[in-house]
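For reference, the structure is listed below as structure tokens.
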Amino acid sequence: MLKESEFSTLAQSVHPSATLAVSKKAKAMTAAGEDVINLGMGEPDFKTPESIAQAAIAAIETGKTSFYTPVSGTLSLRQGIVDLAKKLTGQELSVNQVVVTTGAKMALYAMVQALVNPGDLVVSAKPYWVSYAEQVNMAGADFVAVGDEMQGKLRVSDLDALDRLPKLIMVNNPTNPSGILYSREEILGLLNWAEEHNVFIMIDEIYGRLVYNGATFTSAMKLKTLADSKVIVVDGVSKSYSMTGWRIGWALADESVVANMSKLLGHMTSGPTAAAQTAAEAAVTESQEVVEGMRKTFEDRLNATYSLIEKIDGLTLAVKPEGAFYFFIKVDQDVLDRMQISSTLEFADKLLDAEKVALPAGEGFGMPGYLRLSYAQDQATLNEALKRIERFIK
């Protein structure tokens, strides 16, 4: 084994993904024959719809996937994304305002690399999705998480209180890990603040089509024109179409932002896999009924699982989630004290060992004392997981 000091300062400074780390351990235990319930990954349990998969198979069989595609994505896929954006938000984009990437995570990474210099300030809400902080760190910039921790939202008042202007604001709506949904007024307030202060603002809308119980999602594109602005919207097919393994995401922005991201991506990936782009094209251009079907299932799971969590002594939910497919659950301090557990990192590790339930701890999301539970599993599995968690606490 080589010494850690032999690797770059950057590699040594980056922390492994909290969600991927707990899932890796859970999968290893499963492979060893243990009965593990893995609620650590933000991954729908549905198969990719058959028509989407068949589109990729047909493209392979006809040889359409044998060659390089444009770095920013195939023209037909970008046009499909443009058409879907107009249908969902009313905003007309050009294909030159779209860059397709190897998952939405790569869109975020390329965006940060294109916009941020060492020493710049990047701001997000607390809790935040695990990779926001690490990607900013990789750019040598300063990441700060502020806001209403109970709601998990970034507020205009928090931006006003900063001691210097950020180069970039990162907003996730609905949020991972808490499933909280920003109102139209809240998103508009953040967009207006960024415009007034000439600051880039990225709205991560990967869960935007998964909202529940009559809640209303407002896309940034319904409020601001992307052309000639510093607003960037990130999205993809992973969550809404159950296509996590296909690794297709995108960013929508002013043409100059897209051009600079594409320039970097030309030296990173040279564009996403051709077969996956064909599948994504089918997803965004065919009937959208599959999205609604999965959304309804997630809504049922949210409501049933919320009721069960509420009944477990020692676990607290500040608010009921309205989107995504996560609960961000506070473990009461008296529970940790009674069990002689020092942190929720330790709690999660002991829970996995003792009861075979995998949950990432809040430390990875910038908020110790919490656990993230994904309800992207069938209800019977969720019910069993909560029985084990309650037994572990008792």
With a 3.5 Å cut-off and sequence neighbours excluded, list the donor-acceptor pairs that the side chains of residues 27-34 form with protein atoms.
{"residue": "Thr30", "atom": "OG1", "partner": "Ala26", "partner atom": "O", "Å": "3.0"}
{"residue": "Glu34", "atom": "OE1", "partner": "Lys356", "partner atom": "NZ", "Å": "2.9"}

Item checked: Closest heavy-atom pair and its distance - Val237, Ala280 -> CG1-CB, 4.1 Å
Would you give me the side-chain donor-acceptor pairs under 3.5 Å for residues 198-205, sequence neighbours excluded?
{"residue": "Asn198", "atom": "OD1", "partner": "Lys230", "partner atom": "NZ", "Å": "3.2"}
{"residue": "Asp204", "atom": "OD1", "partner": "Ile206", "partner atom": "N", "Å": "3.2"}
{"residue": "Asp204", "atom": "OD2", "partner": "Tyr132", "partner atom": "OH", "Å": "2.7"}
{"residue": "Glu205", "atom": "OE1", "partner": "Ser219", "partner atom": "OG", "Å": "2.9"}
{"residue": "Glu205", "atom": "OE2", "partner": "Ser219", "partner atom": "OG", "Å": "3.2"}
{"residue": "Glu205", "atom": "OE2", "partner": "Ala220", "partner atom": "N", "Å": "2.8"}

N/O donor to acceptor pairs below 3.5 angstrom from side-chain atoms of residues 54-63, sequence neighbours left out:
{"residue": "Gln54", "atom": "NE2", "partner": "Glu50", "partner atom": "OE2", "Å": "2.7"}
{"residue": "Thr62", "atom": "OG1", "partner": "Ala58", "partner atom": "O", "Å": "2.9"}
{"residue": "Thr62", "atom": "OG1", "partner": "Ala59", "partner atom": "O", "Å": "3.3"}

Check: How far apart are the closest heavy atoms of Leu93 and Val82, and which atoms are they?
Finding: O-CG1, 3.2 Å
Next item on the list: Write out all pairs satisfying ring-ring contact (aromatic ring centres under 6.0 Å, His included) with one or both partners inside residues 352-394, taking only residues at least two apart or from two chains.
Entry: Phe327-Tyr375, Phe328-Phe365, Phe328-Tyr370, Phe347-Phe392
Margin query: Looking at Gln91 and Met221, would you say the former's side chain and the latter's main chain have a donor-acceptor pair under 3.5 Å?
Written below: yes
Identify every side-chain donor-acceptor pair in residues 140-157 under 3.5 Å, counting partners at least two apart or on other chains, and give the distances.
{"residue": "Asp142", "atom": "OD2", "partner": "Arg164", "partner atom": "NH2", "Å": "2.7"}
{"residue": "Asp148", "atom": "OD1", "partner": "Met150", "partner atom": "N", "Å": "3.1"}
{"residue": "Asp148", "atom": "OD1", "partner": "Gln151", "partner atom": "N", "Å": "3.3"}
{"residue": "Lys153", "atom": "NZ", "partner": "Leu181", "partner atom": "O", "Å": "3.1"}
{"residue": "Lys153", "atom": "NZ", "partner": "Glu186", "partner atom": "OE1", "Å": "2.9"}
{"residue": "Lys153", "atom": "NZ", "partner": "Glu186", "partner atom": "OE2", "Å": "3.3"}
{"residue": "Arg155", "atom": "NE", "partner": "Asp158", "partner atom": "OD2", "Å": "2.9"}
{"residue": "Arg155", "atom": "NH2", "partner": "Asp158", "partner atom": "OD1", "Å": "3.1"}

Check: What pair of heavy atoms forms the shortest contact from Leu382 to Ser374, and how long is it?
Finding: CD2-O, 3.7 Å
Next item on the list: Could you list the residues that satisfy ring pair (Phe, Tyr, Trp, His ring centres under 6.0 Å) with Tyr182, not counting sequence neighbours?
Entry: none
Notebook entry, point to check: Using links of under 4.5 Å between side-chain heavy atoms of ILVMFWY residues, direct or through other members, which residues join Phe7 in one cluster?
Noted result: Leu2
Checklist line | salt_bridge(Glu292, Arg295) N-O dist < 4.0 Å | finding: yes
Checklist line | Neighbour count >12 (heavy atoms, 6.0 Å) for atom CZ, Arg184 | finding: no
Check: Cut-off 3.5 Å, side chains only: do Thr74 and Glu281 have a donor facing an acceptor?
Finding: no
Note to self: Please check if the number of heavy atoms outside Gln340 that lie under 6.0 Å from its CD is greater than 12.
What the structure shows: no
Next item on the list: Might you confirm whether atom CD of Glu92 has over 12 heavy atoms from other residues, nucleotides or ligands at distances under 6.0 Å?
Entry: no
Cut-off 3.5 Å, no hydrogens considered: what does the side-chain donor-acceptor table look like for residues 112-131, sequence neighbours left out?
{"residue": "Asp120", "atom": "OD2", "partner": "Asn117", "partner atom": "N", "Å": "2.8"}
{"residue": "Ser124", "atom": "OG", "partner": "Met170", "partner atom": "O", "Å": "2.9"}

Next item on the list: Kindly write out the residues that satisfy salt bridge (charged side-chain N to carboxylate O under 4.0 Å, His left out) with Asp332, not counting sequence neighbours, or none if the list is empty.
Entry: none
Notebook entry, point to check: Applying side-chain hydrogen bond (donor to acceptor under 3.5 Å, both in side chains), which residue pairs with at least one partner in residues 165-176 are found, sequence neighbours left out?
Noted result: Thr175-Ser178, Asn176-Arg372
Check: What heavy-atom pair brings Gly369 and Thr344 nearest, and what distance separates the two atoms?
Finding: N-OG1, 2.9 Å
Checklist line | Candidate pair Ile389 and Leu359, rule side-chain contact (heavy atoms from CB on, under 4.5 Å), full reasoning | finding: CA-CA 10 Å; Ile389 294 169; Leu359 301 176; 3.8 Å; yes
Item checked: Lys330, NZ atom: more than 12 neighbouring heavy atoms under 6.0 Å -> yes
Margin query: Check this for me: Asn213, atom CG, are more than 12 non-hydrogen atoms of other residues, nucleotides or ligands nearer than 6.0 Å?
Written below: yes
Next item on the list: May I ask you to test the Ile180-Val319 pair for a side-chain heavy-atom distance under 4.5 Å?
Entry: yes
Notebook entry, point to check: Counting heavy atoms not belonging to Asp228, are there more than 12 under 6.0 Å from its CG?
Noted result: no
Next item on the list: Not counting sequence neighbours, which residues clear ring pair (Phe, Tyr, Trp, His ring centres under 6.0 Å) with Phe46? List them please.
Entry: Phe298
Notebook entry, point to check: What pairs with Asp254 under salt bridge (charged side-chain N to carboxylate O under 4.0 Å, His left out), at least two apart in sequence or on another chain?
Noted result: none
